[in-house]
There are 2 protein chains.
Amino acid sequence: MSITIKDVARVANVAPSTVSRVIANSPRISDRTKEKVREAMKDLGYHPNFNARSLANKTTKTLGVIMPNSANKTFQNPFFPEVIRGISSKAHQLEYGLYLSTGQTEVEIFQEVQDMVQGRRVDGIILLYSRVNDKVMAYLNEQDFPFTVIGRPSDETNREITYVNNDNYKAAKTVTEYLLLLGHKRIAFIGGNLDFVVTVDHMEGYKTALINTGIEPREDYIVFHEELQEGGQEAVIDLMSLSERPTAMIVADDIMTFGVMRMLSEMEISVPNDISIISFNNVMISELSHPPMTTVDINIFGLGYEAANCLIEKIIHPEIEPKHVIIPHKMIKRQTCQRVSK
Amino acid sequence: MSITIKDVARVANVAPSTVSRVIANSPRISDRTKEKVREAMKDLGYHPNFNARSLANKTTKTLGVIMPNSANKTFQNPFFPEVIRGISSKAHQLEYGLYLSTGQTEVEIFQEVQDMVQGRRVDGIILLYSRVNDKVMAYLNEQDFPFTVIGRPSDETNREITYVNNDNYKAAKTVTEYLLLLGHKRIAFIGGNLDFVVTVDHMEGYKTALINTGIEPREDYIVFHEELQEGGQEAVIDLMSLSERPTAMIVADDIMTFGVMRMLSEMEISVPNDISIISFNNVMISELSHPPMTTVDINIFGLGYEAANCLIEKIIHPEIEPKHVIIPHKMIKRQTCQRVSK
DNA sequence: TTGAAAGCGCTAACAG
DNA sequence: CTGTTAGCGCTTTCAA
């Protein structure tokens, strides 16, 4: 079989425990011995057995990453590679590995999380989504297992949970105000799945901005859709069938905006001449739409990076207070918004 | 600490080994005992410790997934979530977990792979890319460690390696022929990074189709670019600066096509009236471009699914012959190609 | 500064 | 059909 610590010990003429100490770079080992052992390790091409290590010191140096149910197309959103890139970046720095959930349904995912936690397969968990009343989150919380969520817990009272989020309420509010300042009065809102906290936050921000300006939010201007591209297209049909068409739309997600714009183009409604659009995320391709879209950059990479950072901190110092990190967003003006014509 | 197999054994009044056998659902245990043990497990909320298990039976039930260097933006390509979805799907079925590489550079990744392999962190590895003369692939091969690659090894002599691929040569050839049949004579080729085998295959197919029709491939019609969106844009500048502009382009990747079309639109060159475009992959958003793009569906999900399938097969039966699976592709005609006007 | 020995939680002969 | 025992490869007291 492969080379073990004993082989190294034999070659270096020391005890296995000494080798172990050299691996951990213990200060209580003489430099001469360290040299000798390291040479033996190199000569033999030794790599520590990961499972033995984890078993002995009860730590895996790996982070569990839980995706939302990958069954539907939401998953193809470039959002995911980008958060993962952020997470990877920090994890790699601190020498943590990444273990991915594979479940397709909520039940499967819950089962997986349980196994990860109880089976000590990971040291901590990052939730890539925040759903209203999420079972997984509740479970992790009650188990007192280190975890962070990207987004935020739905019930605000729960300050115990560490999360990394954008100020989605504020972002949506600003965006609405911007449209208002451009003279738009009939602004529609196309949200994602209402089970996700981000959707709720967006909507609140949108409504508040309207109300502050004395405009009563109209229910028929507010639609939600699960599916990214089909959703965007359906939303457009609904909205454009209204007798009083909106002159501007706020869309939950850039990818959805692609769907929206596609449908608008089929209806020969011109953006931004006939209707203005602004959305969220600023994924890579957002600037490649036709016309390039105005959107809110939420720093996806940063969300992932900070989530990993907070989680590892929590793993190392379980006693520290839960943190709530807000990643700044930034409006990126491109060419889908215009002063209302009339 | 947590509940161990011993606790279960005590409660169920059996030996730990019996519990172990129940977990493995050994046929040599009486149904009555199984019931008893399972009840005890449920009562105690027992979950097997993953590392102990792996250590004892030398198998981790996890697959390593190696991404190309995630440093650059290539990574935001929706291709990745989609292959991973495919891999996940099969892996989850067969109760395998996924362990992700986090390295940003080739050196880091190579280091990681070594650790995974020698540290017995995973049972097998899936390479998400196939680079010409790849060190990782060579290493895995010489270590005789189970792995599959998505794409194919660059040197065709090496039939030892299991891979899952599309017939990229054929696809590119067909696509070129299609353009030829539409009357195009000046067809450009915008490829990806020439280090990737897929790029070479595409180019060969393209050239062959031209030559078969008696058209000599022109070097100035063939360009390569690393970066997805910038690359697409630069390519267009180069090509459109030529005195004899091409009337059609074959683009390596849908996302790149977004960049291409963006630039074309800025130059007020109309697709497909002035120029036809056809590309590869058919990611989710491909149908949302303006106009919707004609592209080759390569069944990304299928690539991932089959790769996981082959890998697990190889893990379970190391002696079986290496396999070479070709996932069928399919041209999806949308609105970026048109009979040449004149 | 180093070695001996026990143990992490599980599996796998080998007995019976 | 089930129990006993000896590891898997590492870390970590405890002694020296």
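In the text below, chain A, chain B and the rest are named by the order of the sequence lines, each starting its count at 1. The structure displayed is predicted, hence computed values, not measured ones.
Between A:His324 and A:Arg159, the side chains place a donor N or O and an acceptor N or O closer than 3.5 Å (distance only, hydrogens not considered). Neither side chain, A:Glu112 nor A:Tyr99, offers a donor N or O lying under 3.5 Å from an acceptor on the other.
As judged by a 4.0 angstrom heavy-atom cut-off over every strand, B:Tyr46 is placed among residues touching the sugar-phosphate backbone only. In this structure, B:Val14 reaches the sugar-phosphate backbone alone: every heavy-atom distance under 4.0 Å involves primed, P, OP1 or OP2 atoms, never a base. Counting non-hydrogen atoms under 4.0 angstrom, B:Ser54 reaches nothing in the nucleic acid.
The separation between B:Asn25 atom CG and C:dT11 atom C1' is 16 Å, rounded to whole Å. One interatomic measurement links the two molecules: CG of A:Asn49 to C1' of D:dC8, which rounds to 8 Å at whole-angstrom precision. Atom CD1 of A:Ile5 is separated from atom C1' of D:dT11 by 8 Å (rounded to the nearest Å). Atom C1' of nucleotide D:dC8 and atom CZ of B:Arg120 are separated by 13 Å, given to the nearest angstrom. Rounded to whole angstrom, the span from the NZ atom of A:Lys36 across to the C1' atom of C:dT2 amounts to 10 Å. Taking atom CZ of residue A:Phe50 and atom P of nucleotide D:dT11, one finds them 12 Å apart after rounding to whole Å. For the pair A:Asn51 CG and D:dG7 C1', the computed distance is 15 Å after rounding to whole Å. The NZ atom of B:Lys6 sits 15 Å away from the P atom of D:dG3 (whole-angstrom rounding).
Going from atom NZ of A:Lys61 over to atom CG of A:Leu94 covers 6.5 Å, rounded to the nearest 0.5 Å. With rounding to the nearest 0.5 angstrom, the CE atom of B:Met116 is 11.0 Å from the OG1 atom of B:Thr60. For the atom pair CD1 of B:Ile326 and CG of B:Leu303, the computed distance is 9.5 Å after rounding to the nearest 0.5 Å.
Comparing B:Ala15 and B:Leu55 against DNA chain D, the residue whose closest nucleotide sits nearer the 5' end is B:Ala15.
More than 12 non-hydrogen atoms from other residues, nucleotides or ligands lie less than 6.0 angstrom from CD of A:Glu142.
Of all heavy-atom pairs between A:Lys36 and A:Ala12, the closest is CE-O, 3.2 Å. When every heavy atom of A:Leu128 is checked against every heavy atom of A:Ile84, the shortest pair comes out as CD2-CG1, 4.5 Å.
In this structure, B:Arg152 forms no cation-pi arrangement with B:Tyr163, as its terminal cationic atom is not both closer than 6.0 Å to the ring centre and no more than 45° off the ring axis.
Contact between the side-chain N/O atoms of B:Ser30 and the OP1/OP2 oxygens of D:dT2 is found at a separation under 4.0 Å. Phosphate proximity of D:dC10 to A:Lys58: absent, as no side-chain N or O sits under 4.0 Å from OP1 or OP2.
For A:Ile29, counting side-chain heavy atoms from C-beta on, the closest listed nucleotide (C:dC10, C:dT2, D:dG9) is C:dT2.
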Could you pull out all donor-acceptor pairs under 3.5 Å where a side-chain atom in residues 20-28 of chain B meets a protein atom, sequence neighbours excluded?
unit_1  : atom_1 : unit_2  : atom_2 : d
B:Asn25 : OD1    : B:Lys34 : NZ     : 3.0
B:Asn25 : OD1    : B:Arg38 : NH2    : 3.3
B:Ser26 : OG     : B:Arg28 : N      : 3.1

Check: protein-nucleotides 12-15 of chain C nitrogen or oxygen pairs below 3.5 Å:
unit_1 : atom_1 : unit_2  : atom_2 : d
C:dA13 : N6     : B:Arg21 : NH2    : 2.8

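Overall bending of the helix from C:dT1-D:dA16 to C:dG16-D:dC1, expressed as the angle between end axes built from five pairs apiece, is 30° (10° steps).
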